[in-house]
Amino acid sequence: MRIIVSSTCQIVSVLVPVYVDSSYSYRVPNGPLDTEDGAAPSKLVAGQVVKVPLGPRSVLGVVWDDDVAFTDNNRLKDIEHVYHGTVLSANFRKFVDWIAQYTLAQRGMVLRMVLRGEESLLPPKPIKALRLAGPVPARMTKAREQVLSVMEGGLAQVKADIVERSGVSASVVDGLVKAGTLEPCFLPAPALVATPQADFAAPRLSEQQEVAAQQLRQAVAADCFAGLLLDGVTGSGKTEVYFEGVAEALRHGKQILIMVPEIALTGAFLDRFEARFGVRPGEWHSGQSQRYKNLIWRGVATGEIQVVVGARSSLMLPFRDLGLIVVDEEHDGAYKQEDRVIYNARDMAVVRGHLSGFPVVLASATPSVESHNNALQGRYSRIHLPDRFGGQSMPDIALIDMRANPPEKGHWLSPVLIEAVNETLEAGQQSLLFLNRRGYAPLTLCRTCGHRFQCPSCSTWLVEHRFRKQLVCHHCGHCEPVPPACPACGQEDSLVACGPGVERIAEEAASLWPDRHIVILSSDLIHGVQQLRTELELISSGKADIVIGTQLVAKGHNFPAMMLVGVIDADLGLAHGDLRAGEKVFQTLAQVTGRAGRHTGQGRGLLQSYAPDHPVIAALANGDREGFYTYELEQRHRAMMPPFGRLAAIILSAEDREAALSYGRLMVRAVPRENDVRVLGPAEAPLSVLRGRYRFRLLVATPRSFSLSPWLRLWLSQCPKPKGSLRVQIDVDPVSFV
DNA sequence: CGCCGATCGCTC
DNA sequence: AGCGATCGGCGC
């Protein structure tokens with residue numbers, strides 16, 4: 001950093017959290033600078049947080065490493081305030097720059113993901129308390145005696161505690177303050193999160209787990225970057241294994257971040273952490289209060305908080321001395337941020353480890369194709385747990401060929417699956433019927449005129465939700481009541497539901513097993529986290545006989561009594577245009593069938609399919625994981641898609657169909673046909689309508705050697721600016737970083 | 001002739 | 001991104 005120190009003042013570069021890539025220059029005033037503790041710093045250093053004037057307002061910013069480029073003394077403004085105690089480390093600053101450069105975002109927007117409000121920079125407020133001060137009051141009462149006995153020993157206590165312990169009203173305590181017997185005082189704020197103990201409760205590990213744990217301990221002790229893919233089947237005890245890595249980092253005095261998809265951040269997970277380390281970790285997710293998050297932010301910056309368990313955004317916390325990141329369920333799509341700065345927190349975690357020199361553990365029962373390939377190529381070390389813990393065997397997976405075993409007309413459960421559920425019920429065990437589709441029916445049409453209900457602002461069919469008595473668009477959330485007559489031809493009672501959703505499966509199950517306890521688990525029928533937890537506990541305790549669920553049930557919850565998992569439509573999703581369609585189907589179905597017999601005996605998984613020969617379905621049925629990855633890698637290689645190429649989706653959206661199309665054609669012409677750049681233009685990426693806007697994705701695929709970001713940046717700056725309400729957004733998909 | 005609304009462009 | 005500056009609608 002070249003900081004200009006003229007004879008009169010110091011000029012520094014400050015990155016501000018606004019929509020710009022460059023840092024701005026500010027003058028450090030000569031006089032004593034305004035700080036929260038009154039101390040006057042002589043010089044500012046990179047990483048310090050400051051408050052600066054910006055346009056009409058003042059914002060927080062960070063002194064950055066850039067050379068001071070703007071030296072127009074007349075237009076320079078003064079730094080208003082410097083905050084102490086929180087300095088962003090050099091590695092972390094490099095990380096911010098790296099993300100911006102890679103995701104084609106402005107550095108200011110990345111910094112915005114890091115900084116919070118001013119409260120996170122100030123020391124926590126001391127707590128108001130009361131302590132014994134003066135003589136016993138002249139007028140003594142029973143209640144006052146009780147208060148004094150509570151205060152015996154002279155320790156200061158919070159007023160609410162005094163009231164509770166002495167069983168008197170608050171006004172009695174106030175009276176004693178007035179009489180001078182008690183006086184107000186301030187206690188330092190207690191630590192938000194207690195220190196986890198590395199050896200609080202050492203676990204009982206299998207031989208296989210112990211070998212894996214040892215690898216993690218060594219990687220942590222080596223204190224340098226390593227990518228570790230912890231690939232363990234469902235029920236293999238991955239969590240216990242990576243907890244050993246966490247314990248080792250604690251022994252080395254390092255901070256640890258455990259990232260989980262938001263939905264997996266349940267009380268059950270935190271309980272397991274507490275059982276292992278004796279205390280709860282810091283919890284970082286959208287449900288936490290602003291106050292708590294500010295305290296966590298400051299706590300990790302000062303180093304007071306050792307371990308944080310958090311969702312995606314926890315990656316941007318300014319840890320003082322991070323020594324390990326664990327990304328649990330690394331394949332999960334929830335790690336990808338789709339708005340503003342588009343990034344995948346799993347990949348950025350690897351980058352953070354690489355820049356700062358510590359190991360990063362990616363854990364999953366179904367690793368992403370990218371991570372699997374990185375392990376194959378030797379960029380990550382693969383730590384494999386092929387067996388379940390405690391000698392439990394993997395579920396027995398079988399296909400039901402629906403062409404040979406069709407369900408009754410208008411029904412969706414094949415005779416084979418119904419029989420399997422019957423057997424499971426008779427054995428007193430739980431079944432899960434899985435269908436990744438909310439609502440009653442995915443398509444509603446009029447049997448008289450053939451009218452189909454379509455979303456007015458998206459190019460999708462409306463899904464009937466019979467419990468809510470509404471037609472819902474799953475893309476934009478538009479909903480309307482189910483009309484009594486067809487809006488096109490006016491015919492009454494002419495609407496028919498086509499295809500199944502979970503509600504329809506629940507209806508069918510209720511008619512087949514009327515006396516059984518059936519629970520339906522679908523995100524639109526669950527109101528809030530609390531209800532979800534209640535329902536999950538109900539299932540865990542074995543009170544439900546049959547569970548019918550969507551994606552919600554595939555996400556790592558434990559159901560001890562679950563012995564049969566029936567997949568209603570294994571082919572669902574395979575036909576989607578998404579380049580990761582096959583991978584998603586494989587991961588979801590492997591995870592959901594992995595729920596069967598996890599704790600007790602031999603579980604079963606049954607996959608209903610009309611395409612049993614499809615490589616993804618066949619690999620699932622045969623338990624041939626390697627076969628799946630081989631197939632998927634071949635497909636990706638041919639299309640030059642991740643992990644073999646870098647893929648950028650240029651997302652165009654416009655209110656005007658013609659504007660979107662013509663600008664798209666312009667872009668396709670502009671992309672250079674060199675370095676094996678491949679463009680999927682408007683012809684191949686059809687125009688769709690989303691929330692009333694015409695949009696398409698222009699996919700640009702390049703091999704790894706080609707540096708896409710600089711080219712895209714240049715191109716966007718040179719090409720004619722989109723007119724009118726045309727919006728261009730860039731979504732960069734990952735390759736490997738190390 | 002005047003006031004509110006889309007579009008433009010800057011932030012040290 | 002946000003926020004002020006700037007030009008255009010038509011209301012009386």
Side-chain angles (χ1 to χ4, degrees), chain A residues 1-6 8-31 33-34 43-83 88 93 96-97 99-118 286 290 313 316 337-343 650-656 659-660 663 691-693 712-713 716-732:
Chain A
M1 173 173 58
R2 193 168 56 90
I3 294 177
I4 293 181
V5 186
S6 71
T8 51
C9 63
Q10 180 192 15
I11 301 171
V12 292
S13 288
V14 175
L15 194 60
V16 284
V18 295
Y19 196 72
V20 288
D21 198 51
S22 58
S23 55
Y24 290 151
S25 309
Y26 286 91
R27 234 177 359 216
V28 183
N30 264 332
L33 212 53
D34 190 13
K43 284 279 186 300
L44 289 191
V45 295
Q48 277 183 308
V49 185
V50 293
K51 194 200 278 182
V52 291
L54 182 71
R57 61 219 151 106
S58 70
V59 295
L60 295 179
V62 179
V63 180
W64 218 250
D65 308 73
D66 308 356
D67 287 346
V68 172
F70 187 91
T71 51
D72 183 352
N73 220 9
N74 297 327
R75 288 172 61 200
L76 282 177
K77 293 183 183 174
D78 284 353
I79 284 175
E80 291 173 356
H81 190 102
V82 179
Y83 300 89
L88 304 192
R93 300 194 303 271
V96 168
D97 285 346
I99 292 179
Q101 161 265 311
Y102 184 80
T103 64
L104 302 162
Q106 296 74 11
R107 291 192 298 171
M109 292 312 283
V110 180
L111 186 68
R112 178 179 280 205
M113 302 196 295
V114 175
L115 288 179
R116 300 185 55 75
E118 196 173 13
S286 62
Q290 292 301 321
S313 57
M316 303 312 291
Q337 173 145 74
E338 308 266 7
D339 61 343
R340 295 199 180 93
V341 181
I342 297 174
Y343 70 101
I650 301 168
I651 304 161
L652 273 171
S653 69
E655 280 163 33
D656 176 9
Y663 195 66
R691 295 183 184 89
R693 296 177 71 88
L712 270 175
R713 264 187 200 282
L716 281 174
S717 66
Q718 286 175 351
C719 74
K721 284 248 165 88
K723 279 189 221 68
S725 61
L726 199 69
R727 265 215 320 258
V728 183
Q729 202 185 353
I730 295 181
D731 176 356
V732 186

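This one's a predicted model, so the numbers in the text were calculated from it and none came from an experiment. Just so we're on the same page: letters track the sequence lines, and every chain starts at 1.
In this structure, Arg340(A) places its CZ atom 8 Å from P of dA1(C), rounding to the nearest Å. Rounded to a whole Å, the CG atom of Asn74(A) is 12 Å from the C1' atom of dC12(B). With rounding to whole Å, Leu60(A) atom CG is found 20 Å from dA1(C) atom P. Atom CZ in Arg57(A) sits roughly 7 Å away from atom C1' in dC3(C) (whole-Å rounding). The separation between Asp72(A) atom CG and dC10(B) atom P is 15 Å, rounded to whole Å. dC12(B) atom P lies 16 Å from atom CG of Asp66(A), rounded to whole Å. The distance from atom NZ of Lys51(A) to atom P of dT11(B) is 22 Å, rounded to the nearest whole Å. One can place CG of Asp67(A) at 20 Å from P of dC12(B), the figure rounded to the nearest angstrom.
Nucleic acid contact for Phe70(A): base, since at least one base atom lies under 4.0 Å from a heavy atom of the residue. Arg27(A) comes within contact range of no nucleotide atom at all, as no heavy-atom separation falls under 4.0 Å. Heavy atoms of Pro53(A) sit under 4.0 angstrom from primed sugar atoms or phosphate atoms, though from no base atom.
When the nucleotides dC12(B), dA1(C), dG4(C) are ranked by their closest atom to the side chain of Tyr19(A), dA1(C) comes out on top. Here the side chain of Pro56(A) is nearest to one of dA1(C), dG4(C), dT11(B), namely dG4(C). Distances from the side chain of Met109(A) to the nucleotides dT11(B), dA1(C), dG4(C) place dA1(C) closest.
For the pair Tyr24(A) and dT11(B), the criterion of a side-chain N or O lying under 4.0 Å from OP1 or OP2 is not met.
For Ser13(A) (side chain) and Asp66(A) (main-chain N/O), a donor-acceptor pair under 3.5 Å exists by modelled atom type. In this structure a side-chain-to-backbone donor-acceptor pair under 3.5 Å is present from Ser25(A) to Phe70(A). Remark: the backbone N or O of Ala69(A) is not paired with any side-chain donor or acceptor of Asp67(A) at under 3.5 angstrom.
In terms of heavy-atom proximity, Ala46(A) sits nearest to Arg93(A) at O-NH1, 3.3 Å.
Looking only at side-chain heavy atoms (C-beta outward), Tyr83(A) and Val62(A) stay at 4.5 Å or farther from each other.
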